[in-house]
Structure formats: structure tokens, C-alpha cells
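Down below is the structure, laid out as C-alpha cells.
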Amino acid sequence: MPRCFVSIFLWGLLMIGGWRCSGDRPAPPDALRIRLAGEPDGLHPLLARSTYSWQLIDLLFQPLLQFDPESLDLVPVLAVASPEVRPWNDAATTGLAYTFEIREAARWDDGTAILASDYVFTLKCIFNPLISNIFRSYLDFIRAVEVDPDNPRRFTVFCAGDYFLARVATANFEVYPASAYDPEGLLAAIPLADFLSEATAAALGDRPEVQRFAEQFVAPERRREAALIRGSGPYRLVGWEAGERVRLTKKSNWWGDALRLPQLAAYPEHLHYRIVPEVRTAIAQLKGEELDVLSNIPGRLYGEYREATGWAEGYDWYEVPQLSYYYIALNRKKTKLEERSVRRALALVLNPTELIEQVMYGSAVPTIGPFPPSSAYYHPDLKPLDYAPERARRLLADAGWEDRDADGIVEKDIDGRREELRLTLDISTGSTTGEAVGLRFREAARQIGIAIDLRRTGFAALAERLRSGAFEMSYLARFNRPGEVDPQQDWYADRQRGGRSNYSGFGDAAADALIDSLRHCPDPERRRRYYHRLQALIYDDQPVLFVAVPQNCIAVHRRFRALISSRSPNYFPARFGPQHQDQPTLSNLLSNNHTFYHATKTISCR
């Protein structure tokens with residue numbers, strides 16, 4: 001079977017929007033089979049933390065606006081269009097007002113219309129003091145929501161100040177149906193204003209109806225029982241066998257089909273997700289044509305199989321730049337990691353260049369911070385640290401860490417006790433990249449007298465350790481959405497006000513003030529300078545070890561015309577159409593108004 005390789009010089013975000021060689025293949029089966037590397041932690045948008053969960057949630061629930069995987073622009077989903085924007089002010093506040101209208105065709109599973117009251121209900125859930133979630137800190141600028149008395153689908157969100165991502169934040173979270181998630185109407189009589197006001201929100205937690213609602217909302221069965229998971233998306237949950245598979249089926253007469261819009265397209269009738277932690281097992285299933293989609297293929301295996309004959313010719317192979325990064329969080333609240341010298345010594349032996357070459361086989365690029373190297377606000381003057389074990393040894397010695405008993409591990413007297421510099425690195429089970437990075441990092445650290453124990457754990461246990469702070473080091477991945485990034489969630493020192501994912505404990509009041517300035521700066525050039533200052537602070541403090549910005553290596557069965565994107569999770573199964581559909585031409589791909597960054601790609605087609 002012929003192969004074709006098309007080299008394309010792309011500028012901006014590289015999108016491979018599904019262009020492939022056509023083939024004379026029969027129509028695909030009605031089920032698309034996809035590998036999940038780990039167990040989802042629930043299908044509940046406000047409570048889910050796992051990337052495995054969000055791959056499914058995006059198919060079950062919908063926001064007002066969503067980043068289109070092809071253009072990376074915000075496009076209307078539940079909303080008719082982008083919001084109307086106007087200034088507003090009252091006696092104490094000035095800001096912007098965003099007016100949305102929900103599509104008349106939009107329906108919940110029971111056939112009832114999706115209304116502004118569902119958006120208001122979702123905000124009540126987000127700001128409920130008894131429901132912990134990461135969305136609250138992104139929406140703390142909302143002051144009120146006013147529903148049009150003549151149109152229950154039209155409403156205005158009043159936002160204080162000039163938060164630079166207000167339009168995105170007010171529209172890009174999943175909307176819940178009030179009738180399904182509050183069937184008793186426990187929150188119906190409580191004004192949204194009581195939830196939005198700091199003066200009254202805390203007291204709501206003492207009200208019996210709020211307590212009862214929160215207990216029902218966070219109940220375990222709400223996370224995984226098909227009858228209790230209700231959204232507006234094209235699919236519904238029909239089965240979940242723990243550790244084995246999750247099955248979604250397209251809803252009959254789904255409201256989005258009639259509109260024939262690309263952002264609402266949903267082609268496969270069934271989506272079967274197989275939970276396969278071990279990549280070798282997943283590869284075996286790919287070879288046996290038991291899987292249609294396999295992502296995050298290790299670089300070495302990807303290179304080997306992409307060039308293979310036989311079974312591999314039945315798949316198309318993609319390398320996709322991701323809007324994400326791999327890193328190792330260092331818990332600065334642990335005594336041994338309080339010292340910057342220890343954190344810097346670890347950074348000096350991590351050796352990202354070798355990890356990219358030997359572990360990721362070139363399918364990644366180095367980074368100095370949490371923002372995409374391709375972005376306009378990436379700090380151009382900071383460079384990744386070189387591998388420097390001698391310098392690392394000197395840093396440890398200067399801080400009092402010495403190998404006094406000649407056992408190869410340095411020690412230090414801390415609070416009257418002699419402590420070895422022994423640390424534990426948590427790695428999610430099934431993360432082959434994390435495992436390989438951990439093994440090489442352990443060996444490199446041993447050369448400078450630091451002992452690292454690897455602790456392999458399931459995602460739920462790992463997430464709980466992160467939330468409680470019961471960890472020393474943890475290998476993690478962070479996925480960013482397109483456009484500018486709000487650093488508050490990951491880098492704000494005040495975790496109650498926003499830094500809920502600041503697991504390392506980075507920052508202080510001054511760093512928080514810098515983040516506040518960035519978030520409320522309307523001028524892009526000034527914001528860029530704030531981004532640079534924040535990156536310099538992170539670079540100097542070394543609260544985490546930045547490993548790499550990866551590329552996702554993906555195989556898709558040629559029975560399907562895939563939609564591949566740099567937006568996480570890099571493939572969009574609802575928009576996988578039959579291979580016999582008309583294919584876009586290369587000229588159409590390059591003229592499709594994409595925003596590109598400088599990159600060179602080879603698309604392998606068979």
C-alpha cells in the first residue's frame with residue numbers, strides 16, 4: 001500500500017485538522033474504540049480532576065462557548081453567538097456586561113429547553129461554600145446575572161473590573177440542568193447574589209437546604225451512575241465497568257444534529273473507551289485491531305511502528321504539538337525541600353535534554369516555565385538549566401548536606417536529628433513516560449548523594465495526596481487551553497483565594513500582587529512584561545522541575561477521518577467521520593484561517 005509524506009512549514013499553532021490520504025475502505029463500524037490510560041475519577045464537571053474524565057465530560061456536557069479544535073477560536077455551542085459587550089457601573093463598581101442568548105433548539109435529555117436559569121443554577125453550584133471546585137477562583141469577578149424578563153434564554157453577566165479573560169471565563173464552563181441536579185429545588189429560592197457575595201456566602205453553609213443540596217451534589221453516585229449524569233452533549237453514559245471500559249452512546253434525536261454546525265457535529269453512534277494502563281498491552285490491542293485510537297504512544301515505539309508494514313499500514317500516524325507540559329512538583333512545605341539549594345540541585349541533575357532524546361525520542365521540546373514556548377509571553381531570555389552535577393554537589397555542600405557516613409547519601413542535622421536527603425517521587429500508574437523519567441532522575445540524583453524512592457500510585461490516590469499536601473515530589477502534566485493563560489490557579493500563594501493547584505506552595509504576597517496586576521491589565525504589552533516577571537520569579541525559586549513540552553504521538557484506524565488538534569486531548573472522537581467522506585485538500589487546510597506558530601511537521605499518511 002502506498003505511503004505519502006507531506007512536509008509542511010507551519011507558522012503559529014500547528015493544526016493537522018484531519019487531512020489525510022483517501023483510501024477505498026468500507027464504512028466504519030458504529031463504535032469507535034479508544035484507549036484510556038487510566039480510570040476516570042468521575043463524570044462530574046465541577047468535581048473531576050483527571051484528564052481521563054475530561055475526555056468524556058466534553059462529550060456529555062457543553063459550555064456556552066468552546067475553543068474550536070480546528071481554528072482554536074471561541075465558537076458558540078449552547079449560545080447563539082459570542083456575547084454582546086458593554087460597559088456598566090453602579091455606585092461601587094465599574095466593569096463590563098456580557099449578554100448571551102442560548103440557542104432555541106438547545107435541549108436537555110428530557111426535552112425541556114436549556115434556559116438562563118440553568119446557567120444561574122450552575123453558578124450557584126460553583127459558588128456554593130460546601131462544594132470545593134477550581135472554577136470559583138476564575139469567576140470571582142462576577143457580580144450579578146440578570147435574566148431578560150421577556151426571553152428566558154437571554155441573560156446578562158455583570159463583571160467587575162477589567163479581568164483580561166472575562167469573556168472566556170463567563171462562557172467556557174459546562175452548564176448543568178437544574179431540574180436533574182436539584183430535583184427538590186433546594187437552591188431555587190436562594191438568590192444568586194447571596195452566593196456571589198463574600199459577606200453572605202459563608203453563612204449559606206449553615207442553612208439545612210444548602211447542606212442537603214451539597215451532600216446530594218457531591219455524592220459518589222453522581223460521578224458514575226448513568227441515570228444520574230445528565231448533560232446537553234451528544235452522548236450519554238450507558239456503561240462503566242471499573243478498570244475495564246466506559247461506554248457512551250449517541251442520543252437519539254439529539255438537538256444539535258438539526259443545526260448542522262461543525263462545532264456540534266457528532267458522527268460515531270457509540271464511543272467505547274477501554275481502560276488500558278500498560279502501553280504494551282494497548283499496542284498489542286492496536287495490532288489486533290481491537291483499538292481504533294491510541295494516543296500518547298512513546299516516541300521510540302511511534303517511530304518504529306509508523307515505518308512498519310503489515311498491520312501498521314491500517315492506521316494513520318500523527319505527531320501533535322501540545323498546549324501542555326510535564327513537570328515534577330516539589331513540595332516546598334516539606335522540610336528537606338524548603339531549601340532552594342536542594343530544589344536547584346535537583347534541577348541541575350534532571351537533564352531535560354537527555355530525557356527528551358532518550359525517553360521521548362525527540363517528541364518534545366524543553367521549557368523554562370509554565371507557558372507555551374510558542375506564545376508571545378514566553379520569557380525569551382531565560383534558558384533551561386544545563387546538566388551540572390558538580391555544581392549541584394557544591395550547592396548541597398554549601399547548605400550543609402554532606403555524606404558523613406560514606407553510604408552515598410548526604411545528611412544534615414535538622415532540629416537536632418540527622419536526616420538523610422531521601423525523597424519520594426509519586427508517579428501515576430500507567431504513565432510510561434513518568435516511569436522512565438523517574439528511573440533516570442533517580443539514578444542522576446544518586447550521583448550527587450540524593451536518594452529518590454519511586455512510588456507508583458493510581459490517579460485518585462495521587463490526586464488526594466496533592467490536595468492534602470501529603471507528598472514530597474510528584475510527576476504531573478498540566479494542560480492549558482488555547483490563548484493566554486491565567487496563572488492564578490497554579491501559582492497563587494493564597495490557595496483559598498485562587499491557588500488551588502499550587503501544589504508546590506510557591507509564592508508570597510508580592511507574587512500574588514504581580515498575578516493580580518497581570519489578570520487586570522488591559523494592555524497586552526504590559527501583560528507580557530508581567531508574564532516575564534512571574535516566569536523569572538518561578539525560575540529563580542525552582543518550586544517545580546520543568547521536564548518538557550510534549551508532542552502527542554497518535555495512531556488512528558484508517559476507517560475513520562480523524563480530527564486532530566493541538567487542543568487537549570489532541571483528538572476529537574465526536575467529529576471522527578467515515579473515511580469515505582470528502583477529504584479537505586492541502587490548500588484548504590493551509591488557508592483555513594488557522595493561527596500558526598513556527599514549526600516543521602511531517603504528516604504520515606498511508
Side-chain angles (χ1 to χ4, degrees), residues 38 41-42 46-51 53 129-138 205 218 325-347 350 369-370 399 412 414-415 417 419-429 431 434 437-438 441-442 445 450-479 486-512 515 534 537-538 540-547:
D41 65 343
L46 289 194
L47 307 181
R49 297 293 182 269
S50 164
T51 58
S53 294
L130 302 181
I131 299 174
S132 177
N133 66 89
I134 63 173
F135 292 87
R136 192 177 304 152
S137 64
Y138 285 115
V218 304
Y325 58 91
Y326 296 149
Y327 70 106
I328 297 173
L330 307 177
N331 191 343
R332 295 164 75 257
K333 296 182 180 180
K334 296 297 183 181
T335 302
K336 297 172 186 177
L337 291 168
E338 282 180 336
E339 300 177 24
R340 178 185 175 278
S341 57
V342 173
R343 301 195 301 273
R344 182 65 85 178
L346 289 167
L350 178 64
K412 181 177 180 178
I414 301 175
D415 296 331
R417 294 181 56 185
E419 298 279 356
E420 287 187 330
L421 190 44
R422 179 180 293 275
L423 301 166
T424 298
L425 173 61
D426 289 330
I427 300 170
S428 178
T429 303
S431 173
V437 168
F441 184 37
R442 180 176 67 182
I450 300 178
I452 294 179
D453 299 317
L454 304 184
R455 179 166 58 185
R456 301 156 183 88
T457 185
F459 181 84
L462 186 149
E464 179 55 36
R465 290 194 186 107
L466 292 172
R467 280 193 289 267
S468 64
F471 76 101
E472 290 180 317
M473 303 189 296
S474 187
Y475 182 84
L476 302 169
R478 180 67 167 103
F479 295 86
D486 184 347
Q488 186 186 62
Q489 179 186 334
D490 292 339
W491 303 105
Y492 215 66
D494 187 341
R495 296 192 72 180
Q496 293 302 313
R497 286 190 56 207
R500 294 182 181 274
S501 298
N502 183 6
Y503 304 123
S504 67
F506 164 79
D508 53 23
D512 284 0
I515 293 173
L534 178 61
L537 289 176
I538 295 171
D540 183 67
D541 186 79
Q542 203 74 64
V544 307
L545 309 179
F546 293 102
V547 178

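Values in this document were obtained by computation on a predicted structure and should not be read as measured data.
- In this structure, Asp512 contributes its side chain and Ala493 its backbone to a donor-acceptor pair below 3.5 Å.
- With contacts defined as side-chain heavy-atom distances shorter than 4.5 Å, the pair Val547/Tyr475 qualifies.
- Of the possible polar contacts, none joining the Lys334 side chain to the Met473 backbone as a donor-acceptor pair under 3.5 Å is found.
- Here Phe546 pairs with Tyr325 under the ring-ring contact (aromatic ring centres under 6.0 Å, His included) rule; sequence neighbours left out.
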**Item:** Chi angles and distances behind the side chain to side chain contact (heavy atoms under 4.5 Å, CB included) call for Lys336, Leu421
**Value:** CA-CA 7 Å; Lys336 297 172 186 177; Leu421 190 44; 4.0 Å; yes
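- Interatomic distance, Glu339 CD to Ile414 CD1, rounded to the nearest 0.5 Å: 6.5 Å.
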**Prompt:** Can Arg49 and Leu466 be said to form a side chain to side chain contact (heavy atoms under 4.5 Å, CB included), step by step?
**Reply:** CA-CA 11 Å; Arg49 297 293 182 269; Leu466 292 172; over 6 Å; no
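- Atom CD of Gln489 sits about 10.0 Å away from atom CG of Asn502, to the nearest 0.5 Å.
- With a 4.5 Å cut-off on side-chain heavy atoms, Leu350 and Leu346 do not count as touching.
- Phe471 is linked by a ring-ring contact (aromatic ring centres under 6.0 Å, His included) to nothing, counting only residues two or more places apart in sequence or in another chain.
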**Item:** Ile131 and Leu47: CA distance, side-chain angles, deciding distance, side chain to side chain contact (heavy atoms under 4.5 Å, CB included) verdict
**Value:** CA-CA 8 Å; Ile131 299 174; Leu47 307 181; 4.1 Å; yes
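- Across Pro543 and Arg332, no two heavy atoms sit closer than the pair CB-CD, 3.7 Å.
- Residues Ser137 and Ile134 approach most closely at OG-O, 3.4 Å, considering heavy atoms.
- Minimum heavy-atom separation, Asp490 to Ser501: OD1-CB, 3.2 Å.
- Judged as a side chain to side chain contact (heavy atoms under 4.5 Å, CB included), and not counting sequence neighbours, the contacts of Thr424 are Asp426, Asp453, Arg455, Glu472.
- For the atom pair CG of Leu462 and OG1 of Thr457, the computed distance is 6.0 Å after rounding to the nearest 0.5 Å.
- Judged by distance alone, the side chain of Ser474 and the main-chain N or O of Ala329 form no donor-acceptor pair under 3.5 Å.
- The CD atom of Glu338 lies 13.0 Å from the CG atom of Leu330; values are rounded to the nearest 0.5 Å.
- Under the 4.5 Å side-chain criterion, counting only non-hydrogen atoms from C-beta, Leu476 is not in contact with Val544.
- Under the rule for a side chain to side chain contact (heavy atoms under 4.5 Å, CB included), the partners of Thr51 that lie at least two apart in sequence or sit in another chain are Phe479.
- How far CG of Asp494 is from CG of Asp508: 12.0 Å, rounded to the nearest 0.5 Å.
- Residues Leu545 and Gln542 share a closest heavy-atom pair of CD2-NE2, 3.9 Å.
- Residues passing the side chain to side chain donor-acceptor pair (under 3.5 Å) test with Ser428, sequence neighbours excluded: none.
- Looking only at distances, no side-chain donor or acceptor of Arg136 sits under 3.5 Å from a matching main-chain atom of Pro129.
- Nearest approach of Gly438 to Ile427, heavy atoms of both residues: CA-CD1, 4.2 Å.
- Interatomic distance, Ile328 CD1 to Ile452 CD1, rounded to the nearest 0.5 Å: 7.5 Å.
- In terms of the ring-ring contact (aromatic ring centres under 6.0 Å, His included) criterion, Phe441 has no residue partners (sequence neighbours excluded).
- Judged purely by atom type and a 3.5 angstrom limit, Arg343 uses its side chain to pair as donor or acceptor with the backbone of Leu337.
- Annotation: side chain of Tyr327 is not in contact with side chain of Pro370 (no heavy-atom distance under 4.5 Å).
- For the residue pair Phe506 and Leu534, the shortest heavy atom distance occurs at CE2-CD1, 4.3 Å.
- Formation of a donor-acceptor pair under 3.5 Å by the Ser53 side chain with backbone atoms of Asp41 is found in this model.
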